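Report on the following structure.
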Amino acid sequence: NAGVMQNPRHLVRRRGQEARLRCSPMKGHSHVYWYRQLPEEGLKFMVYLQKENIIDESGMPKERFSAEFPKEGPSILRIQQVVRGDSAAYFCASSPGQESYGYTFGSGTRLTVV
Amino acid sequence: DQQVKQNSPSLSVQEGRISILNCDYTNSMFDYFLWYKKYPAEGPTFLISISSIKDKNEDGRFTVFLNKSAKHLSLHIVPSQPGDSAVYFCAASAGNTPLVFGKGTRLSVIA
């Protein structure tokens with residue numbers, strides 16, 4: 001297992017289109033976290049999921065953003081009707097449990113909205 | 001409101017010298033603290049951590065110090081090497097809640 005896999009690495013969308021970002025956690029990890037890094041900013045928590053459940057979405061914008069982690073397949077972060085302000089690096093992390101020290105991050109998806 | 005603050009956006013250190021990266025936090029419920037290192041175009045990688053019951057943790061060239069009364073932690077790298085040049089993020093957690101990150105400090109180690 002190569003670790004946490006995110007794809008695509010780079011995604012360009014026009015304003016108003018939809019963006020889908022995928023994250024496959026490490027083998028044996030059932031907890032997934034999505035973070036966003038805006039230019040010159042730190043990593044901002046968006047959402048925490050376990051298989052088929054959203055545990056904490058306190059960092060997710062209320063509109064246009066949604067996330068899922070189905071029983072089979074990767075976790076998906078979906079952004080509808082993208083705007084220029086959505087341009088950022090989106091990182092996914094996984095852990096085997098709720099322990100804070102167990103996070104492994106993927107390489108991220110860089111979303112550019114034109 | 002920023003619960004985890006890294007007030008120095010950048011730091012330059014000569015190779016072989018000590019690098020000291022600082023981090024302050026405001027949430028007294030934080031009980032676990034971590035440092036992550038990030039290279040360009042890569043995800044953050046875990047470096048070292050410390051529980052609130054300790055005041056120091058050491059791993060090779062890296063040592064993290066925690067001062068709970070001051071709500072301050074620091075990462076010491078000694079001796080610094082050019083390969084240490086990266087962005088360092090301080091992160092904290094309260095009772096296994098998702099990690100809260102600072103804005104990062106860009107360390108440049110000059111040969």
Side-chain angles (χ1 to χ4, degrees), chain A residues 2-11 21 23-26 29 31-50 54-60 67 75 88-112, chain B residues 1-10 21-27 29-54 57 59 62 64 66 73 86-106:
Chain A
V4 178
M5 303 301 292
Q6 289 189 250
N7 65 81
R9 288 296 305 271
H10 301 275
L11 182 61
L21 289 65
C23 169
S24 295
M26 279 188 72
H29 286 193
H31 298 243
V32 165
Y33 308 82
W34 284 94
Y35 284 79
R36 174 165 69 172
Q37 186 181 21
L38 294 167
E40 306 304 319
E41 294 285 324
L43 294 149
K44 297 283 191 187
F45 167 73
M46 298 183 75
V47 62
Y48 162 35
L49 310 102
Q50 292 180 36
I54 295 175
I55 307 302
D56 182 348
E57 57 181 347
S58 58
M60 194 103 95
S75 175
Y90 291 81
F91 292 97
C92 167
S94 72
S95 70
Q98 249 180 309
E99 303 85 6
S100 307
Y101 50 83
Y103 286 35
T104 301
F105 279 87
S107 296
T109 293
R110 183 162 297 280
L111 172 66
T112 303
Chain B
D1 67 343
Q2 260 202 292
Q3 298 185 69
V4 178
K5 299 177 188 178
Q6 294 178 257
N7 292 320
S8 298
S10 62
L21 295 94
N22 293 304
C23 177
D24 297 292
Y25 61 95
T26 57
N27 187 344
M29 298 300 291
F30 285 148
D31 58 2
Y32 203 81
F33 304 90
L34 307 91
W35 286 93
Y36 280 79
K37 177 178 178 179
K38 186 182 180 303
Y39 292 117
E42 293 184 15
T45 55
F46 169 74
L47 193 58
I48 193 169
S49 63
I50 188 166
S51 162
S52 60
I53 62 172
K54 293 187 169 184
N57 188 27
D59 183 2
F62 302 90
V64 56
L66 175 62
L73 66 155
V87 177
Y88 289 78
F89 290 100
C90 173
S93 170
N96 287 331
T97 55
L99 291 177
V100 178
F101 284 83
K103 288 191 176 184
T105 296
R106 183 177 302 277

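So you know, we letter chains A, B, ... as the sequences are listed, proteins then strands, and number each from 1. Please read all numbers here as calculations on a predicted model, not as lab measurements.
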message: Any side-chain to backbone donor/acceptor pair from A:Y35 onto B:L99? Under 3.5 Å, distance only.
response: yes
task: Counting only heavy atoms closer than 4.5 Å, note whether A:Q37 contacts chain B via side chain, backbone, both or neither.
output: side chain
message: Could you check whether any side-chain N or O of A:R9 sits under 3.5 Å from a backbone N or O of B:A41, counting only pairs where one atom can act as donor and the other as acceptor?
response: yes
- prompt: So, do A:W34 and B:P98 sit near enough that their side-chain heavy atoms are less than 4.5 Å apart?
  reply: no
- line: Nearest heavy-atom contact between A:L43 and B:F101 is O-CB, 3.5 Å
statement: Closest non-hydrogen atoms of A:F91 and B:G43, given as atom of the first, atom of the second and distance, are CE2-CA, 3.6 Å
- prompt: Between atom CD of B:Q2 and atom NZ of A:K44, what is the distance when rounded to the nearest 0.5 Å?
  reply: 5.5 Å
- prompt: Can the ring centres of A:F105 and B:Y36 be said to be less than 6.0 Å apart?
  reply: yes
